[in-house]
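A quick write-up on the structure given underneath.
Note: hydrogens, waters and symmetry copies are ignored here, and every other heavy atom, side chains too, is used. Predicted model, so just to flag it, every value in this text is computed and none were measured. Counting convention: from 1, in listed order, for ligands and their atoms alike.
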Amino acid sequence: MIVGVPKEIKTAENRVALVPAGAESLVGDGPSVLVEQGAGLGSGFADDAYRAVGAEITASVDDVWARAEMILKVKEPIEPEWKRVRKGQVVFTYFHFAASEPLTKAIIATGCVAIAYETVQLTTGELPLLTPMSEVAGRMAVQEGAKYLEKVFGGSGILLGGVPGVLPAEVLVIGGGVVGTNAAKMAAGLGAHVTLLDISLDRLRYLSDVLPPNVDLLYSNRHNILEQLHKADLVIGAVLLPGAKAPHLVKRADLKLMKPGSVVVDVAVDQGGCIETIKPTTHEQPTYVVDGIIHYAVANMPGGVPRTSTLALTNATFPYAKRLAKRGWKQACRDDRALFLGLNVIEGKVVYPGVAEAFGLPVADPQTLV
Ligand SMILES: NC(=O)c1ccc[n+]([C@@H]2O[C@H](COP(=O)([O-])OP(=O)(O)OC[C@H]3O[C@@H](n4cnc5c(N)ncnc54)[C@H](O)[C@@H]3O)[C@@H](O)[C@H]2O)c1
């Protein structure tokens with residue numbers, strides 16, 4: 001088995017799908033590892049670090065795609081990569097097929113086996129290969145929010161933690177899942193006063209046991225959101241309705257309730273956002289202002305901290321990649337229901353119902369194909 005790791009070519013994507021420690025472990029199992037020159041550089045891993053553990057470095061991206069039986073990536077293949085994907089080749093990466101019909105059709109046409117990080121799912125319902133990126137984004141939301149509250153960035157000039165004799169900032173977190181909990185922990189750790197809203201009472205009960213006393217937990221409804229907006233210096237949007245667009249819980253008119261120079265970081269922007277005035281931004285131009293409120297809406301926040309994100313992502317993906325390389329995709333998917341659920345397209349057939357539904361395509365039973 002040859003495992004190939006191409007350099008990511010999507011704009012501003014600096015993550016890599018395999019770190020040298022992973023390469024070492026794969027090589028120890030028997031497979032060969034072929035890494036495109038410079039693939040790890042954006043995350044701080046030099047070619048020599050891969051060479052030192054027995055991986056081969058090639059200057060040719062075509063070489064990686066042509067020789068590898070399994071490709072490990074981070075982002076979905078983009079157009080220049082489509083022609084490189086081969087029939088029968090396993091491609092293990094984020095695909096987000098339902099968001100792109102051209103990508104879905106292109107991957108169907110290649111005849112590859114597409115296993116999507118985002119649909120690998122544990123019996124608890126957890127999506128273990130999405131969780132680490134939500135952890136990164138939740139923690140980063142506070143860091144970014146604190147930065148844009150600074151005067152020089154147009155903010156109201158408030159320090160999150162305050163100082164003795166001066167009250168700390170008020171941070172409102174809407175949604176108490178992975179993003180919201182990580183954001184609340186970071187903001188509370190910096191000394192801010194945090195209010196976290198969720199609609200799940202079970203979740204609020206759990207959070208009341210694990211979060212520090214400077215985090216208040218409140219049931220999420222329109223009345224409570226409006227009341228909190230008056231006080232908030234930083235609002236973090238972290239709501240998710242699985243498989244649906246995020247609800248607009250803060251309307252444009254509500255911004256008038258907030259203090260000028262306050263900051264909104266809507267992490268849920270990748271699902272449409274929970275603030276009505278949000279539209280996706282990039283790391284190059286992360287913010288814009290509406291009605292005096294700074295909006296931060298980077299759709300791929302983890303891309304801003306590729307070193308941490310690569311390590312967090314590969315910690316989660318590597319055990320699956322290792323089993324795929326060692327046992328082959330069919331056996332690995334038969335052995336592990338979570339990985340089986342990652343199967344989206346098998347040799348020209350869509351096997352994930354959500355993807356088939358999105359584009360009115362027939363869905364095949366993956367059970368008969370593994
Ligand atoms: N921008 C980025 O770079 C980036 C990175 C990672 C995740 N995300 C996005 O962040 C969002 C949150 O992800 P997550 O992993 O925390 O999801 P999650 O499923 O762990 O948590 C979502 C939470 O929202 C709560 N919720 C639902 N409706 C609500 C409402 N009306 N009011 C308050 N809470 C409500 C749910 O009960 C749940 O606890 C998703 O849209 C995800 O795609 C964005």
Run down the list [options] and name the one with the heavy atom closest to [atom].
atom	options	result
atom 34 (N) of ligand 1	Gly125, Pro247, Gly175, Gly237	Gly175
atom 1 (N) of ligand 1	Val267, Leu130, Asp270	Val267
atom 22 (C) of ligand 1	Asn182, Leu240, Asn221	Leu240
atom 31 (N) of ligand 1	Thr131, Thr181, Leu249	Leu249

Is [Y] reachable from [X] through a run of I, L, V, M, F, W or Y residues, each pair having side-chain heavy atoms under 4.5 Å apart?
X	Y	result
Leu34	Leu18	no
Val5	Ile71	no
Val85	Ile78	no

Ala246 near ligand 1 by a heavy-atom separation under 4.0 Å: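 For ligand 1, residue contact (heavy atoms, under 4.0 Å) with Ala246 is absent.
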
Proximity flag Val298 to ligand 1, non-hydrogen atoms under 4.0 Å: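 Yes.
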
For ligand 1 and [X], I'd like to know whether there is a polar contact (N/O to N/O, distance under 3.5 Å).
X	result
Ala299	yes
Ile174	no
Leu241	no
Val178	yes
Ser134	yes
Ser220	yes

Lys NZ or Arg CZ of Arg307 over Phe45 ring: under 6.0 Å, within 45°: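 Judged by the rule (NZ or CZ under 6.0 Å from the ring centre, within 45° of its axis), Arg307 counts as positioned above Phe45.
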
Ring-face cation of Arg203 near Tyr206 (centre distance under 6.0 Å, axis angle within 45°):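 Not satisfied by the 6.0 Å and 45° rule.
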
Counting from 1, what ligand 1 atoms have a heavy atom of [X] closer than 4.0 Å?
X	result
Asn300	3 (O)
Pro302	3 (O)
Leu197	33 (C), 34 (N)

Heavy atom of the protein closest to atom 13 (O) of ligand 1 (residue, atom name, distance):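 Going by distance alone, atom 13 (O) of ligand 1 is nearest to Val179 CG2, 3.6 Å.
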
Protein heavy-atom partner closest to atom 21 (O) of ligand 1 - residue, atom, separation in Å: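 Minimum-distance protein heavy atom for atom 21 (O) of ligand 1 reads Gly177 CA, 3.1 Å.
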
Worked verdict on Lys73 versus Glu8 for salt bridge (Lys or Arg N to Asp or Glu O under 4.0 Å): CA-CA 7 Å; Lys73 267 182 64 56; Glu8 295 296 321; 2.8 Å; yes

Region of Gln271 engaging ligand 1 - heavy atom pairs below 4.0 Å: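 For Gln271, only side-chain atoms sit under 4.0 Å from ligand 1.
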
Contact check, side chains of His248 and Ile275, non-hydrogen atoms, under 4.5 Å: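 No, their side chains stay 4.5 Å or more apart.
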
Side-chain donor/acceptor of Thr58 to backbone N/O of Ser60, under 3.5 Å: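 Checking the backbone N and O of Ser60 against the side chain of Thr58, a donor-acceptor pair under 3.5 Å is found.
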
Ion pair Asp62/Arg67, N-O distance below 4.0 Å: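 Not counted as a salt bridge, because no side-chain N and carboxylate O are separated by less than 4.0 Å.
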
Neighbour count >12 (heavy atoms, 6.0 Å) for atom CZ, Phe340: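 Result for CZ/Phe340: enclosed.
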
Gap separating the CG atom of Leu149 from the CG atom of Leu234, nearest 0.5 angstrom: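 Answer for the CG-CG pair, Leu149 versus Leu234, is 5.5 Å.
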
